[in-house]
Amino acid sequence: MDLERLLADRLAPAFAAVAGGPVDPAVRRSQHADFQSDAALGLARRLGRPPREIAAEVRERASLADVCAAVEVSGPGFLNLTVAGHALGGLVSALAADPRLGVPVVAEPETVVVDYSGPNVAKEMHVGHLRSTVIGDAAARTLEWLGHRVLRANHLGDWGTPFGMLIEHLLDLGEAGAAQELSMGDLDGFYRAARAKFDDDPAFQERSRQRVVALQGGDPATLRLWRLLVTQSESYFLTVYDLLDVTLTGDDFRGESSYHDQLAPTVEELDRLGLLRRSDGADCVFPPGSVGRDGEPLPLIVRKSDGGYGYPATDLAALRHRTGALGATRLLYVVGLPQRRHFEMVFAVGAQAGWLAAPVRAEHVGFGSILGPDGRMLRSRAGGSVKLVGLLTEAVQRATALARERNPELGVAEAAAVGRAVGIGAVLYADLSGDRHKDYVLDWERMLSLDGNTAPYLQYAYSRVRSIFRRAGAAARPDAEVSLAEPAERALAMELVGFAAVVEEVAGSLEFHRLTAYLHRLAVAFSAFYERCPVLRAEGPVRESRLVLCELTGQVLRQGLDLLGIRTPERL
RNA sequence: GCGCCCGUAGCUCAGCGGAUAGAGCAGGGGACUUCUAAUCCCAAGGCCGCAGGUUCGAAUCCUGCCGGGCGCACCA
């Protein structure tokens, strides 16, 4: 049971009695006590009574004796609540006995499609892909742990006009040579070379155009070459996902091409519903609420004037498929904020068409752009893009060197494993620990930093927990009574019981920086506890109690970091 | 022109209507015969972009400015 809710439940009847109607007790954490209730302040005017008097009466009426050690009226009319040590200890004991650490499986599981990562075939993954991949994976992991049915959708850019030139370039290189280049992960080189030829050589340009026609016409030979490109890229992406500890697998590739045969039926249905309008030769839907530069309604172009389908059609077909055939009730699109308007329009059209009707909802889980040092968007054309594997490799190297330096006892293999967990963790954490809506300037040092509010700090706290148990030679006794005499023990316990509320909040908002902030607070509380409260040198019930606190801290850190896709080595 | 996102310590960022605005980094001062010092403790650091408004109370909600970024019909 969440402490905040427990206190609110106890205060609510007292407030209701005093106010003569239901009142939200407005309980929250406090600097002046464990919790405070602010509701008396707001009631003062309505009741025509001084807020302190209201607070005092609520204090008299509320049954808090078994939960609170002190309830005081403070300041202009706050009710300061100090939780009783035994009550807090009891809650900690209950958590220790719960494999889910107080976080229940949802009563009504949903089918959730998480659309994320979505790199482009035959193009290198750069730091810009990091955000979608990392945030999306955290969302998938978190919702899955809560008991939802999560369908990961890797919406690969595997279709469209660029494939004409890519296939022609592949033919120029020869299949064997091209395959080798692609399998080595030099996708940028491949793409740039094709692009350069396309820009400079009119003959190549013409071949490419014809190749696109052949591809879209389903020419078997062309399709075979196209598939070669796709599978080579896919296997490369999987190596990056593996390095990142991302849970996407080969089964999750749902490229744009996979909706190819649903495009025409989707557009036909829009037509049947009377939503289609011809404009400048293109078939469009004009969803309400979107206006363009000229103040005129903005169309979502579902079929271009040349008869081809663009990505709006693909997104609509995917949406229709996901809510229809897949039966999803929640759709997440983990895509950069610049595409916000596009998704607004797609969702609006989906609603008009009836594919998106309550309780089914779609959310654009947008995130800020990564900017260059000049404060402008990092663009691959400008040569400013940073290859993702380069960043990851650097992170692992740095962390491995640090692991060797800090802990010479580690063998070569373990140092490598630690370096990987710490280095990758640092990169993931750097991306997840800030408000995802904000742009940020690509800061190599920041992403690779192993100091401060970073994953390594949390991993270190975890490794300290494990170290205690290695030396203790025994696990914590789950039935041991938890006593909280020391302030540091109390502070730690207070954080531990807050895990469930944070996870539930994050499952809704998908603001993972709230989870990282929580885990950091927990690790700080544990570090202070570790400094001041000896565990192994304590005896009897104190030792038993502290072992429970350690065990629970370790479990929450591990589970919390796991939801973010970050590893927790046994020792650093 | 319209729309969206963002302006908080020197730097990177928390703070989703409440008391004296909090962390980390950098810089200053302390703590290793100790369960790993990848740690801890102390001090210092602020016209919360600006101006109005709502409210008993605003960094937080509303409006208008200023500054930065992004987007606004057949590329994805």
Side-chain angles (χ1 to χ4, degrees), chain A residues 26 28 30-32 36 38-39 41-42 44-45 51 74-78 80 118 120 157 159-162 256 279-284 289-306 308-312 314-315 336-342 344 366-369 371 375-377 399 402-403 405-407 409 422 430 433-435 437-441 443 445-446 449-454 456-457 459-461 463-472 505 509 511 513-514 516-517 520-521 524 527-528 530-538 546 550 571-572:
Chain A
R28 59 184 184 88
S30 175
Q31 300 172 29
H32 306 277
Q36 66 185 52
D38 302 340
L41 264 8
R45 165 161 295 200
S74 169
F78 299 109
N80 284 355
N120 293 315
W159 199 250
T161 46
E256 293 168 344
S279 178
D280 286 347
D283 290 323
C284 307
S290 293
V291 275
R293 197 190 300 277
D294 49 9
E296 296 297 307
L298 199 60
L300 194 65
I301 297 173
V302 293
R303 187 162 42 203
K304 298 185 285 183
S305 53
D306 67 1
Y309 298 101
Y311 75 114
T314 309
D315 280 339
L337 240 17
Q339 298 207 49
R340 183 177 169 123
R341 168 111 72 146
H342 166 69
E344 269 175 10
F367 49 83
S369 307
L371 309 178
R376 305 189 70 84
M377 244 175 102
L402 188 70
E405 178 194 321
R406 294 292 163 92
N407 192 351
E409 288 177 20
V422 170
S433 56
D435 181 341
H437 299 99
K438 293 190 179 184
D439 292 350
Y440 66 84
V441 175
D443 184 347
E445 288 303 320
R446 190 180 81 90
S449 172
L450 308 177
D451 297 315
N453 180 12
T454 63
Y457 178 83
Q459 290 168 321
Y460 181 66
S463 79
R464 284 177 138 183
V465 170
R466 300 314 306 158
S467 169
I468 285 172
F469 285 105
R470 273 197 303 278
R471 291 191 174 251
E505 196 285 327
S509 71
E511 293 183 350
H513 72 284
R514 295 176 192 273
T516 65
H520 183 249
R521 277 202 307 278
V524 166
S527 296
Y530 184 92
E531 297 282 333
R532 284 167 215 150
C533 303
V535 177
L536 299 178
R537 276 181 286 116
R546 288 179 178 171
C550 288
R571 55 177 185 170
L572 297 192

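The figures that follow rest on heavy atoms only: side chains count, while hydrogens, waters and symmetry mates do not. A, B, ... follow the sequence lines: proteins, then strands. Residue 1 opens every chain.
- Within 6.0 Å of CD in A:Glu405 there are more than 12 heavy atoms belonging to other residues, nucleotides or ligands.
- Remark: the A:Thr161 side chain and the B:A76 base include no donor-acceptor N/O pair separated by less than 3.5 Å.
- One N or O donor and one acceptor, one from the side chain of A:Tyr311 and one from the base of B:A76, sit under 3.5 Å apart.
- One interatomic measurement links the two molecules: OH of A:Tyr530 to P of B:U39, which rounds to 13 Å at whole-angstrom precision.
- A:Leu300 comes within 4.0 angstrom of no nucleic acid atom, judged by non-hydrogen atoms across all strands.
- Distance A:Arg532 CZ to B:C42 C1': 12 Å, rounded to the nearest Å.
- No side-chain donor-acceptor contact under 3.5 Å links A:Ser449 to the backbone of A:Arg446.
- Side-chain polar atoms of A:Ser527 and A:Tyr457 form a donor-acceptor pair below 3.5 angstrom.
- With rounding to whole Å, A:Tyr457 atom OH is found 16 Å from B:U36 atom P.
- In this structure, of B:C2, B:A38, B:C56, it is B:C2 that holds the atom nearest to the side chain of A:Val291.
- Atom CD of A:Glu344 and atom P of B:C70 are 19 Å apart (whole Å).
- Each of B:C2, B:U12, B:A37 was ranked by its minimum atom distance to the side chain of A:Tyr460; first place goes to B:A37.
- Distances were taken from every side-chain heavy atom of A:Asp439 (C-beta onward) to each of B:A73, B:G69, B:A19; the shortest belongs to B:G69.
- Rounded to whole Å, the distance from NZ on A:Lys438 to P on B:C6 is 8 Å.
- For A:Asp294 against B:A73, a side-chain-to-base donor-acceptor contact under 3.5 Å is absent.
- If you check B:C40 for Watson-Crick or wobble pairing at under 3.5 angstrom, you find it paired to B:G30.
- At the heavy-atom level, A:Pro299 lies under 4.0 Å from base atoms of the strands shown.
- Look at A:Arg471 and you'll find a side-chain N or O under 4.0 angstrom from OP1 or OP2 of B:U36.
- When both pairing distances are held under 3.5 Å, B:G3 makes a Watson-Crick or G-U pair with B:C70.
- Judged by distance alone, the side chain of A:Arg546 and the main-chain N or O of A:Pro534 form a donor-acceptor pair under 3.5 Å.
- Among the protein residues, A:Leu298 comes within range of the sugar-phosphate backbone only, with heavy atoms under 4.0 Å from sugar or phosphate atoms but none that close to a base.
- Remark: A:Glu344 CD to A:Leu298 CG distance equals 10.5 Å, nearest 0.5 Å.
- Nearest nucleotide to the A:Tyr440 side chain, out of B:C56, B:C41, B:C13: B:C13.
- Distance check on atom C1': B:C74 versus B:U54 gives 46 Å, rounded to whole Å.
- Residue A:His32 is in base contact, counting any heavy-atom pair closer than 4.0 Å across all strands shown.
- Atom-to-atom, CG of A:Leu536 to P of B:U36 comes out at 8 Å; the value is rounded to the nearest Å.
- Remark: the A:Gln31 side chain and the B:A19 base include no donor-acceptor N/O pair separated by less than 3.5 Å.
- Counting heavy atoms from C-beta on, the side chains of A:His437 and A:Glu511 come closer than 4.5 Å.
- Among the protein residues, A:Ser369 comes within range of no part of the nucleic acid, since none of its heavy atoms lies under 4.0 Å from any strand.
- Rounded to whole angstrom, the span from the CG atom of A:Asp435 across to the C1' atom of B:U8 amounts to 13 Å.
- Across all strands shown, the partner of B:C50 is B:G64, judged by Watson-Crick or G-U wobble contacts whose two distances both fall under 3.5 Å.
- A:Arg293 has no side-chain polar atom (N or O) that falls below the 4.0 Å cut-off from OP1 or OP2 of B:G71.
- Of the candidate nucleotides B:C74, B:C40, B:C25, B:C40 has the atom nearest to the side chain of A:Glu531.
- Note on A:Asp38: a base of the nucleic acid sits closer than 4.0 angstrom, heavy atoms only.
- Looking at heavy-atom distances under 4.0 Å, A:Cys284 makes contact with a base.
- Using a 4.0 Å heavy-atom criterion, one finds that A:Gly157 contacts no nucleic acid atom at all.
- An aromatic stack links A:Phe78 and the base of B:A19, using centre distance under 5.5 Å and interplanar angle under 30°.
- Using a 4.5 Å heavy-atom cutoff, the side chains of A:Ser279 and A:Pro299 are not in contact.
- Under 4.0 angstrom from either OP1 or OP2 of B:C72 there lies no side-chain N or O belonging to A:Arg341.
- Of the P atoms belonging to B:G10 and B:C4, the separation is 31 Å, rounded to the nearest Å.
- Nucleotides B:U63 and B:A76 have their C1' atoms positioned 38 Å apart, rounded to a whole Å.
- Of the P atoms belonging to B:A73 and B:U55, the separation is 42 Å, rounded to the nearest Å.
- If you take atom C1' in B:A44 and the same atom in B:A38, they sit 25 Å apart, rounded to whole Å.
- Contact of A:Thr454 with B:A38 (side chain to base): no donor-acceptor pair of N or O atoms is detected under 3.5 Å.
- The residue A:Ser279 sits close to a base: some heavy atom pair falls under 4.0 Å.
- Checking B:U36, B:A19, B:C56 against the side-chain heavy atoms of A:Asn80 singles out B:A19 as nearest.
- In this structure, the nucleotide among B:A38, B:A76, B:C5 sitting nearest to the side chain of A:Glu256 is B:A76.
- The nucleotide B:A23 finds its pairing partner in B:U12, both defining distances of the Watson-Crick or G-U wobble pair being shorter than 3.5 Å.
- Comparing the same atom, P, in B:G68 and in B:A23 gives a spacing of 33 Å after rounding to whole Å.
- Residue A:Ala282 is in base contact, counting any heavy-atom pair closer than 4.0 Å across all strands shown.
- Base engagement by A:Gly42 is indicated by at least one non-hydrogen atom pair under 4.0 Å involving a base atom.
- If you take CZ of A:Phe469 and P of B:U36, they are 13 Å apart, rounded to a whole angstrom.
- Using C1' as the reference atom, B:G3 and B:A19 are 39 Å apart when rounded to the nearest Å.
- B:C61: glycosidic angle beyond 90° from 0, hence anti.
- In the set B:G18, B:G71, B:C35, the nucleotide with an atom closest to the side chain of A:Pro534 is B:C35.
- Remark: the backbone N or O of A:Ser369 is paired with a side-chain donor or acceptor of A:Asp439 at under 3.5 angstrom.
- Using a 4.0 Å heavy-atom distance criterion, A:Arg521 is classed as making no nucleic acid contact.
- Counting only heavy atoms from C-beta on, A:Asn453 has its side chain closest to B:G24 among B:C35, B:G24, B:C16.
- For the P atoms, the distance linking B:C72 with B:C25 amounts to 41 Å, nearest Å.
- For A:Arg28, the salt bridge (Lys or Arg N to Asp or Glu O under 4.0 Å) criterion is met by A:Asp38, not counting sequence neighbours.
- A:Ala26 comes within contact range of no nucleotide atom at all, as no heavy-atom separation falls under 4.0 Å.
- Listed nucleotides B:G15, B:G22, B:C35 differ in distance to A:His513; the shortest reach to its side chain belongs to B:G15.
- Nucleic acid contact for A:Ser74: base, since at least one base atom lies under 4.0 Å from a heavy atom of the residue.
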